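Note sheet for the following structure.
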Amino acid sequence: MGINSNRVDHYSGSGHANPTDPVTITVSGETMTSLELHNVCLPPQKSTLQKLRHRLAEVFFPDDPLHGFKNQSGLRKLVLALQFFFPIFEWAPNYSFTLLRSDIVSGLTIASLAIPQGISYAKLANLPPIIGLYSSFVPPLIYSVLGSSKHLAVGPVSIASLVMGTMLNEVVPYTQDPSLYLKLAFTATFFAGVFQATLGLLRLGFVIDFLSKATLVGFMAGAAVIVSLQQLKGLLGIVHFTSKMQIIPVLSSTIQHKNEWSWQTIVMGFCFLAFLLTTRHIGMRKPKLFWVSAAAPLASVILSTLLVTLFRSKLHDIATIGRLQKGLNPPSSNMLYFHGEFLGVAIKTGIITGILSLTEGIAVGRTFAALNDYQVDGNKEMIAIGFMNMAGSCSSCYVTTGSFSRSAVNANAGAKTVVSNIIMASTVLITLLFLMPLFHYTPNLILAAIIITAVIGLIDYESTIRLWKVDKLDFVACLSSFFGVLFISVPIGLAIAVGVSVFKILLHVTRPNTSVLGNIPGTQIYQNVNRYREARRVPSFVILGVEAPIYFANSTYIQERILRWIREEEEWLAANNGSSLKCVIIDMTAVTGIDTSGLAMVKELKKMLEKRSLQLVLANPGGSVMEKLHQSNILETFGLEGVYMMVDEAVADISSSWKAQP
């Protein structure tokens, strides 16, 4: 049966075989009996406003976040609203001493990792080491109120630190103007927070999806190599080192300043690096011994500081951090830079670091949520991370997010809620108030060793090999990102990778898959004849599958490809003495949408085939496609034998009508 007469009056009447009578067809010598024919209906009529509301709801609220508010009293809705915007109100009433005991253990454990990493990552961002500790105090407290992940450990991360340090240092080196550099760092952090919170509030999280898995694998591997090579300055004791972040200048600077190498620094640095890498390997191979790798950085800092303090008269060539001021985070809202020639740099740095940190934070949060059987709301996380960074920019912090290494330690240590972040922040607070003088003689080499140990895990060679096996274009995107970061710059490498990813999307959209379908003997199933050898062509028919929406970007290609399939089918029939071609069926099951260009293509294709005495039939068009075909009056030109619910029904009904003809 064709179009439902209750929906489209023009198609009322009979023309197909009686739906109660089965229709038979012979395919390659086998006689098959089809089921009764079915009506192809138009979707229920909706006003333009209703369609717009439905579409916006699907785009921005696919998870229906407000479903819990339905049929609730006013007071209950207020409570749900507080829990929705401040997740702390959801878990705090049920918090117990048992949970606190677990969170204290995990909080102290990640604090032992966060303190040395905070100092090290601040150096990576070309910021004073104290800024790294400030960033490990305020942001975790904000996240504990707004965040929805139980295991996300918040603080500075290597990638965001590297990108911020690289982008700002190219414009205003810290050594040239420390005050301006700090202003730009805090301002970039503020704009990163605004951007992140805006994405969450407007539910535009799909923007970060343009950083594909392949892109991030290459980008992080390239960044890890560059960061590791930059640490040669600390491990070798070089004083005058390049500030550039490309592999050739870094290696050249290392060799050119060979006269500055310090054997004392080299011996101590590589010994501690070997120790940290060994403990990391132990932690990875034996998860129960996670505390070994978690405690190793702080233990290394303490031991190296003691060695330098006790033997500083003999280890005078080893550079140290120097004096760090005690006290809480000083306010920095007065340092935000909202005008001047460098405002554009701050905004650009903020957006890029914001996207990277958001991608990492949400990915880490979802990973540990999946491992522990709970869900994380991506948009809530964007809002939490965004407000966390905005608050941080006003309290002498730079960009922070969820760290994979600290979150893994947090989960392995038995964290139950975000209170572990509060415990960590409290430990950092005690350090800021009372323990800062102890870091005076901490050598720079230990910070370099900690950074190398942390970023080396970003080199995921197994994923790279898997990309090559599964998707060559993703592999190209990965390599583009990797070499772009190594040889050009971090931002340009990222831009190249995103460009390759966007090109891949455009390639899939503009050049969709099409195929010739054949019948699987004994079934009503039609599949690609090249994929399924048992699939058999139907005499006098060519059945084509289109696996994409038909839009302006691909309508011409699809038309050309269909005409080519028809030509090749006619040539194949001629070569194999087959019956002449009479009908072209397009299986539109995978065609989820069509625009005016696609409609024009269908209309033109029908006219072209009619001139060649070929019938064009559409099988299983979706609701939106049917609606547009009807509204454009193209549906009228197909008649009763032009649209079917299934390919099998189309073949059976049309074959039956041919047999009925005298």
Side-chain angles (χ1 to χ4, degrees), residues 55-66 81 84-87 135 139-140 142-149 152 154-157 159-161 163-164 167 185-213 215-216 219-220 336 338 343-369 375-394 397-404 407 418 491 494-495 497-499 501-502 505:
R55 187 58 182 162
L56 291 177
E58 288 297 312
V59 172
F60 297 108
F61 304 98
D63 55 344
D64 191 15
L66 302 179
F84 183 81
F85 291 106
F86 302 97
S135 303
I142 303 296
Y143 183 81
S144 65
V145 175
L146 300 175
S148 59
S149 172
L152 197 68
V154 172
V157 293
I159 293 298
S161 302
V163 173
M164 175 173 282
M167 296 184 69
F186 296 147
T187 307
T189 301
F190 176 79
F191 282 113
V194 170
F195 179 73
Q196 292 166 335
T198 301
L199 288 182
L201 290 169
L202 298 180
R203 306 185 70 83
L204 297 173
F206 57 83
V207 171
I208 66 174
D209 293 337
F210 281 99
L211 288 177
S212 65
K213 171 69 174 177
T215 296
L216 289 174
F219 173 78
M220 290 192 292
L336 296 181
F338 292 130
L343 178 60
V345 175
I347 294 174
K348 183 171 70 172
T349 303
I351 290 176
I352 292 178
T353 55
I355 290 176
L356 289 172
S357 59
L358 202 58
T359 302
E360 180 174 357
I362 292 178
V364 172
R366 285 175 174 168
T367 297
F368 287 99
Q375 287 187 326
V376 167
D377 187 326
N379 288 291
K380 284 185 184 179
E381 289 297 284
M382 293 180 196
I383 295 171
I385 294 173
F387 279 106
M388 178 179 77
N389 280 315
M390 283 191 282
S393 68
C394 298
C397 305
Y398 77 108
V399 174
T400 54
T401 188
S403 163
F404 186 84
S407 298
V418 289
L494 185 61
V498 172
S501 297
V502 172
I505 294 172

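Computed from a predicted structure; not experimentally measured. This chain uses plain numbering: 1 for the first residue, then up along the sequence. Computation of the quantities below employed the complete heavy-atom set of this structure, encompassing side-chain atoms and omitting hydrogens, waters and symmetry-equivalent molecules.
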Locate the shortest heavy-atom distance separating [X] from [Y]; write the atom from each residue and the value.
X: Val364; Y: Ser403; answer: CG1-O, 4.1 Å
X: Gly354; Y: Ser357; answer: O-OG, 3.2 Å
X: Ala192; Y: Val399; answer: CB-CG2, 4.1 Å
X: Phe195; Y: Ile355; answer: CE2-CG1, 3.3 Å
X: Met388; Y: Ile142; answer: CA-CG2, 3.7 Å
X: Val194; Y: Met390; answer: CG2-SD, 3.6 Å

Assess whether side-chain contact (heavy atoms from CB on, under 4.5 Å) is satisfied between Val163 and Thr349, documenting all intermediate values. CA-CA 8 Å; Val163 173; Thr349 303; 5.6 Å; no
Under the side-chain hydrogen bond (donor to acceptor under 3.5 Å, both in side chains) rule, collect the residues that match up with [X], sequence neighbours excluded.
X: Thr353; answer: none
X: Ser148; answer: Glu381
X: Thr401; answer: none

Interatomic distance, [X] atom [atom1] to [Y] atom [atom2] [nearest 0.5 angstrom]:
X: Thr359; Y: Gln196; atom1: OG1; atom2: CD; value: 9.5 Å
X: Phe84; Y: Lys380; atom1: CZ; atom2: NZ; value: 5.0 Å
X: Cys394; Y: Phe190; atom1: SG; atom2: CZ; value: 6.5 Å
X: Phe338; Y: Thr187; atom1: CZ; atom2: OG1; value: 6.0 Å
X: Ile385; Y: Leu358; atom1: CD1; atom2: CG; value: 5.5 Å
X: Met220; Y: Thr215; atom1: CE; atom2: OG1; value: 10.5 Å

Output yes when a side-chain donor or acceptor of Tyr143 lies under 3.5 Å from a complementary backbone atom of Ser149, and no otherwise.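 Yes; judged by distance alone, with no hydrogens or angles, the pair exists.
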Heavy-atom donor-acceptor pair, Thr189 side chain to Asn389 backbone, under 3.5 Å: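 Such a contact is absent between Thr189 side chain and Asn389 backbone.
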Before giving the answer on side-chain contact (heavy atoms from CB on, under 4.5 Å), spell out for Tyr398 and Ser161 the whole-Å C-alpha distance, their side-chain angles and the decisive distance to 0.1 Å. CA-CA 8 Å; Tyr398 77 108; Ser161 302; 2.8 Å; yes
Just one of Leu204, Thr198, Ile362, Asp377 clears the side chain to side chain contact (heavy atoms under 4.5 Å, CB included) bar with Met382, so which one?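 Option passing the side chain to side chain contact (heavy atoms under 4.5 Å, CB included) with Met382: Ile362.
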Run Val376 and Phe368 through side-chain contact (heavy atoms from CB on, under 4.5 Å) and show every step you take. CA-CA 9 Å; Val376 167; Phe368 287 99; over 6 Å; no
Decide yes or no on side-chain contact (heavy atoms from CB on, under 4.5 Å) for Leu152 and Val418, but give the supporting numbers first. CA-CA 7 Å; Leu152 197 68; Val418 289; over 6 Å; no
